[in-house]
Amino acid sequence: MSEASRIEERTEALLTPIAEAHAVRIYDVEWVKEGGENYLRVYIDKDTGVTIDDCEEVSRALSDALDADDFIPGAYILEVSSPGLGRTLRKDRHLQQSIGEEVELKLYKSIEVPGPKGPVKCKEFTGILEGFDADTVTIREGDTSRPWKRAEIASIRLTVDF
């Protein structure tokens, strides 16, 4: 298990009773390094929408629990927020909850697809999430369903229409 996975898993275990006490659900926990800084990002959700007060209360309680447990080496920045409308679908539970929704899929590498004037290179696709398994995610674009290899997918997120 990687250090990031260990930190995410242990944080989620500490967060579970805190989330229950504040009537929110854990959407995701993410440990990332950006610009030389470590970030522990916690995304919470609830049916009526997450408020700034929800984020503040969960952040304070989690910060106290993390300080008491002290399992994360070095400095880091704790962020607690809503996953937002265009939420990233990182885990199987996110995919399951989003079947039938429109998603944007980004690949690591561009692939050639038919275009009106011949083949074009593309790495972003939009369609309806139809299903998934351990190795693939299936997206329907118009009348065509296509399974994508998970190893080739950089990200999947819900689309946002304004």
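Along the sequence shown, the residues carry numbers beginning at 1.
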(message) With rounding to the nearest 0.5 angstrom, report the CZ to OG distance, Arg10 to Ser5.
(response) 14.5 Å
(message) Return the CZ to OG1 distance between Arg41 and Thr11, rounded to the nearest 0.5 Å.
(response) 14.0 Å
(message) For the CD atom on Glu141, are there more than 12 heavy atoms of other groups (residues, nucleotides or ligands in this structure) within a distance under 6.0 Å?
(response) yes
(message) I'd like to check Leu105 versus Ile153 (side-chain heavy atoms, cut-off strictly below 4.5 Å). Are they in contact?
(response) yes
(request) Check whether the side chains of Tyr43 and Glu30 place a donor and an acceptor atom closer than 3.5 Å, and report yes or no. (result) yes
(message) Can you give me the closest heavy-atom contact between Cys55 and Val50, atom names plus distance?
(response) SG-CG1, 3.5 Å
(message) Can you confirm whether more than 12 heavy atoms, excluding those of Ile52, are under 6.0 Å from its CD1 atom?
(response) no
(message) Please check: side-chain N/O of Ser98 versus main-chain N/O of Glu101, any donor-acceptor pairing under 3.5 Å?
(response) no
(message) Can you confirm whether Leu14 sits close enough to Phe71 that some side-chain heavy atom of one is under 4.5 Å from a side-chain heavy atom of the other?
(response) yes
(message) Side chains of Leu15 and Val58, heavy atoms from C-beta outward: is any pair under 4.5 Å?
(response) yes
(message) Do Leu95 and Ile26 land in one hydrophobic cluster if side-chain heavy atoms of ILVMFWY residues count as linked below 4.5 Å?
(response) no
(request) With the side chain counted from C-beta on, respond yes when Ile77 and Leu40 share a heavy-atom pair under 4.5 Å apart, and no when they do not. (result) no
(message) Using side-chain heavy atoms (C-beta onward) and a distance below 4.5 Å, is Val24 in contact with Ile18?
(response) no
(request) Report yes if the side chains of Asp47 and Arg25 come closer than 4.5 Å at any heavy-atom pair, otherwise no. (result) yes
(message) Rounded to the nearest 0.5 Å, what separates atom CG in Asp53 from atom NE2 in His22?
(response) 10.5 Å
(request) Go through the steps for Glu37 and Lys33 under the test salt bridge (Lys or Arg N to Asp or Glu O under 4.0 Å), then give the verdict. (result) CA-CA 5 Å; Glu37 299 284 343; Lys33 186 170 195 135; over 6 Å; no
(request) Can you sort out the partners of Asp64 under salt bridge (Lys or Arg N to Asp or Glu O under 4.0 Å), two or more places apart, ordered by chain and number? (result) none
(request) Treat each ILVMFWY residue as a node, draw an edge where side-chain heavy atoms are under 4.5 Å apart, and state whether Ile99 and Val103 are in one component. (result) yes
(request) Kindly compute the distance separating CD (Glu152) from NZ (Lys149), expressed to the nearest 0.5 Å. (result) 5.5 Å
(message) Are the side chains of Glu102 and Leu158 in contact, using a 4.5 Å heavy-atom criterion?
(response) no
(request) Report the C-alpha distance between Trp148 and Thr136 in whole Å, list the side-chain angles of each, state the deciding distance to 0.1 Å, and finish with yes or no for side chain to side chain contact (heavy atoms under 4.5 Å, CB included). (result) CA-CA 5 Å; Trp148 296 90; Thr136 61; over 6 Å; no
Run the side-chain donor-acceptor check on residues 81-92: report pairs under 3.5 Å with partners two or more places apart or on a different chain.
unit_1	atom_1	unit_2	atom_2	d
Ser82	OG	Gly84	N	3.0
Arg87	NE	Gly84	O	3.0
Arg87	NH1	Asp45	OD2	2.6
Arg87	NH2	Gly84	O	3.3
Thr88	OG1	Arg157	NH2	3.1
Arg90	NE	Asp28	OD2	2.6
Arg90	NH2	Asp28	OD1	3.2
Arg90	NH2	Asp28	OD2	3.4
Arg90	NH2	Val29	O	3.2
Lys91	NZ	Asp28	OD1	3.0
Asp92	OD1	Arg150	NH1	3.0
Asp92	OD1	Arg150	NH2	2.7

Contacts under 3.5 angstrom, residues 107-132 side chains, donor-acceptor by atom type, not counting sequence neighbours:
unit_1	atom_1	unit_2	atom_2	d
Glu130	OE1	Ser145	OG	2.5
Glu130	OE2	Arg140	NE	3.0
Glu130	OE2	Ser145	OG	3.2

